[in-house]
Amino acid sequence: PLLHAAARLGDAAARTALATRLSAGALPLEPAFFLSLSSAPDAGLAAALAAAQERVEEELARTVAAARIRLGAAGGADVLRQALADPEEELRREVLDLLVEAPGAAADALLDKARRDPSPFVGAYAELRAQARTGRDAPVFGKAFESDDWELRQLAVRFAARAAGPRPTR
């Protein structure tokens, strides 16, 4: 994290050291690190994460793949596509958590696949996220608000707020 902070502040030596460590698979286990790492496009970090992808534990592989997608790099989508096909619903939910903030066509394609998930929760989660981006189908939020599942109601509030956009300031 310290190397990342220094690299973001423009320290070229820190950026090189960070890329080298990432390529070697020397990765912290905090998902927030990867969200921060992938907050701005950086082809060098994307390449380093691609090299690290094969070296990390399975649990971290999905987080690394999501960071690659957020950086606009090819290849991360394959790992998450495979996870979305896993029979374990909790794993598919985790993938959605990783993708929900990710921009771009690769994330949109994966979330579109998740909209057709056999699990009603996973499909609704992906649908709420899609509607938060487009804001075209408000009844989707109303249906989720009425769900017996408190997690789905919570997601509906979160995504309905995004669909509404920023509130004007006075």
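All values below were derived from every heavy atom in this structure, side-chain atoms included, with hydrogens, water molecules and symmetry-related copies excluded.
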Given side chains that start at C-beta, do those of [X] and [Y] come closer than 4.5 Å, heavy atoms only?
X	Y	value
T63	V56	no
R115	D112	yes
V100	F159	yes

Atom of A14, atom of A7 and distance for their closest heavy-atom approach: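 Closest approach of A14 to A7, heavy atoms only: CB-N, 3.8 Å.
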Dump the intermediate steps for salt bridge (charged side-chain N to carboxylate O under 4.0 Å, His left out) on R129 and D108, then the final yes or no. CA-CA 10 Å; R129 189 274 195 176; D108 288 343; 3.0 Å; yes
Is it the case that atom [atom1] in [X] sees more than 12 heavy atoms from other parts of the structure closer than 6.0 Å?
X	atom1	result
R21	CZ	no
Q82	CD	no
L9	CG	yes

Would you confirm whether [X], through its side chain, and [Y], through its main-chain N or O, come within 3.5 Å as a donor-acceptor pair?
X	Y	value
R62	V95	no
S36	A32	no
R81	L110	no

Test log, rule side chain to side chain contact (heavy atoms under 4.5 Å, CB included), inputs R70 and L49: CA-CA 12 Å; R70 290 172 57 96; L49 286 175; over 6 Å; no
Could you state the interatomic distance from [atom1] ([X]) to [atom2] ([Y]), rounded to the nearest 0.5 Å?
X	Y	atom1	atom2	value
L84	R116	CG	CZ	10.5 Å
R158	Y125	CZ	OH	5.0 Å
L155	D97	CG	CG	8.0 Å
E90	F121	CD	CZ	8.5 Å
L99	K113	CG	NZ	12.0 Å

Verify the cluster assignment for L60 and L71: are they in a single hydrophobic cluster under the rule of side-chain heavy atoms below 4.5 Å apart?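 As far as the 4.5 Å side-chain criterion goes, L71 and L60 are connected within one cluster.
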Give a yes or no on whether V157 and L96 share a hydrophobic cluster (residues Ile, Leu, Val, Met, Phe, Trp, Tyr; joining criterion: side-chain heavy atoms under 4.5 Å apart).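 Yes, V157 connects to L96 through the hydrophobic network.
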Do I69 and L98 pass the side chain to side chain contact (heavy atoms under 4.5 Å, CB included) test, and can you show the C-alpha distance, the side-chain angles, and the key distance before you say yes or no? CA-CA 10 Å; I69 288 173; L98 291 169; over 6 Å; no
Side-chain donor-acceptor distances from residues 138-148 under 3.5 Å, at least two apart:
| unit_1 | atom_1 | unit_2 | atom_2 | d |
| --- | --- | --- | --- | --- |
| S147 | OG | D149 | N | 2.9 |

